[in-house]
Amino acid sequence: MIIGAYSQPKTTTFDDDLKSDQYKFANEYHGAVYSVQLDKDDQNSLKKIVLPNSIQLTGYSLTTFDNHIAIGGTTGKEPSQKIGKIFVINPTTLQIETIIEPPSAEQKFADFGFVIDGSDDFLLVGSRGLTKNGGALLINKAGKIEEIYSDEKLATPLSKAGSSVALADNFMAIGISSNWGDENTLLFKPSAKGW
C-alpha cells in the first residue's frame, strides 16, 4: 500500500509532537510518500520513499503504473509554481528508476503530475496548462506520449480540463473545472481513430 501525505512537513518525523507550532508551520505542505507491506505483521514495514531534496511538494498524487509506483512532485511549494515531474519507483527497492518530465519546459506545464492515474500499460497525466483549455497526456510503458484534448465546445476560456483524471481498462475520464465552480467529466473510449 502506498500512502501520500501531502501536508507532512519536511523537518518532522512521526515521533514529533503533532500539536506543536513547529510541526504546523515548518515547511508546511512539503509532503511525503510511504510504502507499507500489508502481507507482513512487521511493524517496521512502513518506509518513507526518498525523493530528491529539490522536490518541495509531493504526496498529493500517486498511482501504480507498469507494476511500479508513480509519484508526482514539483520543485515549488505549490503545483502551479514550478514545473512538475513524475517519479517511477521500483516497488521492491523503493528506488527511482525513471523520471518523467513534461514534453515542454514551458511554464504552461507547471501543474504536470498534480493529477495522475495509472494501469499496467498506461499513465494518464492531467495538466490544466496543456493547451488553452487544458487536457491530459497518456504515456505508455515505452515512454510514448499522446495528447488527449477536451472537446472545445465543452470548454470555455475560463475552464480547464485536466483538473482530475481516471483511467480504466476501456475508458478514461478527464475532469473540467471552471473559475466559478462548475465541473464536468469527459469520458473517452478507445477506437480505431484514437480516443
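Note that this is a predicted model, so its numbers are computed, not measured.
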Heavy-atom side-chain contact between V115 and S163 under 4.5 Å: no
Value rounded to 0.5 Å, distance of CD in Q37 from OG in S35: 6.5 Å
For L62 against G4, the heavy-atom pair lying closest together: CD2-CA, 3.5 Å
Heavy-atom side-chain proximity of L123 to L167 below 4.5 angstrom: no
Point-to-point distance, once rounded to the nearest 0.5 Å, from CD1 of I55 to OG1 of T75: 6.5 Å
Min side-chain heavy-atom separation N184-L186 under 4.5 Å: no
Pair T74-Q56, side chain to side chain contact (heavy atoms under 4.5 Å, CB included): steps then yes or no: CA-CA 6 Å; T74 181; Q56 291 296 313; 5.7 Å; no
Stepwise side chain to side chain contact (heavy atoms under 4.5 Å, CB included) test for M172 and W195: CA-CA 9 Å; M172 71 174 74; W195 289 91; 3.3 Å; yes
Candidate list V125, T63, I71, test side-chain contact (heavy atoms from CB on, under 4.5 Å), partner I86, passing option: V125
Linked, directly or transitively: L187 and V165 (ILVMFWY side chains, under 4.5 Å): no
Distance-only polar pair, side chains of N90 and Q95, donor-acceptor under 3.5 Å: no
Any side-chain heavy-atom pair of S54 and P52 under 4.5 Å: yes
Stepwise side chain to side chain contact (heavy atoms under 4.5 Å, CB included) check, I49 with I69: CA-CA 10 Å; I49 296 176; I69 302 163; 4.2 Å; yes
Any donor-acceptor N/O pair, S191 side chain to G194 backbone, under 3.5 Å: yes
K48 to A32 - nearest heavy-atom pair and separation: CE-CB, 3.9 Å
Derivation of the side chain to side chain contact (heavy atoms under 4.5 Å, CB included) call for F122 and K141: CA-CA 6 Å; F122 295 101; K141 292 190 280 191; over 6 Å; no
Backbone N/O of G72 and side chain of T58: donor-acceptor pair under 3.5 Å: yes
Centroid-centroid distance, F114 to Y60, less than 6.0 Å: yes
N/O donor-acceptor pair under 3.5 Å between D111 side chain and R128 backbone: yes
Heavy atoms from other residues, nucleotides or ligands near CG of D120 exceed 12 (cutoff 6.0 Å): yes
Between NZ on residue K85 and CD1 on residue I96, distance to nearest 0.5 Å: 9.5 Å
Min side-chain heavy-atom separation L137-I148 under 4.5 Å: no
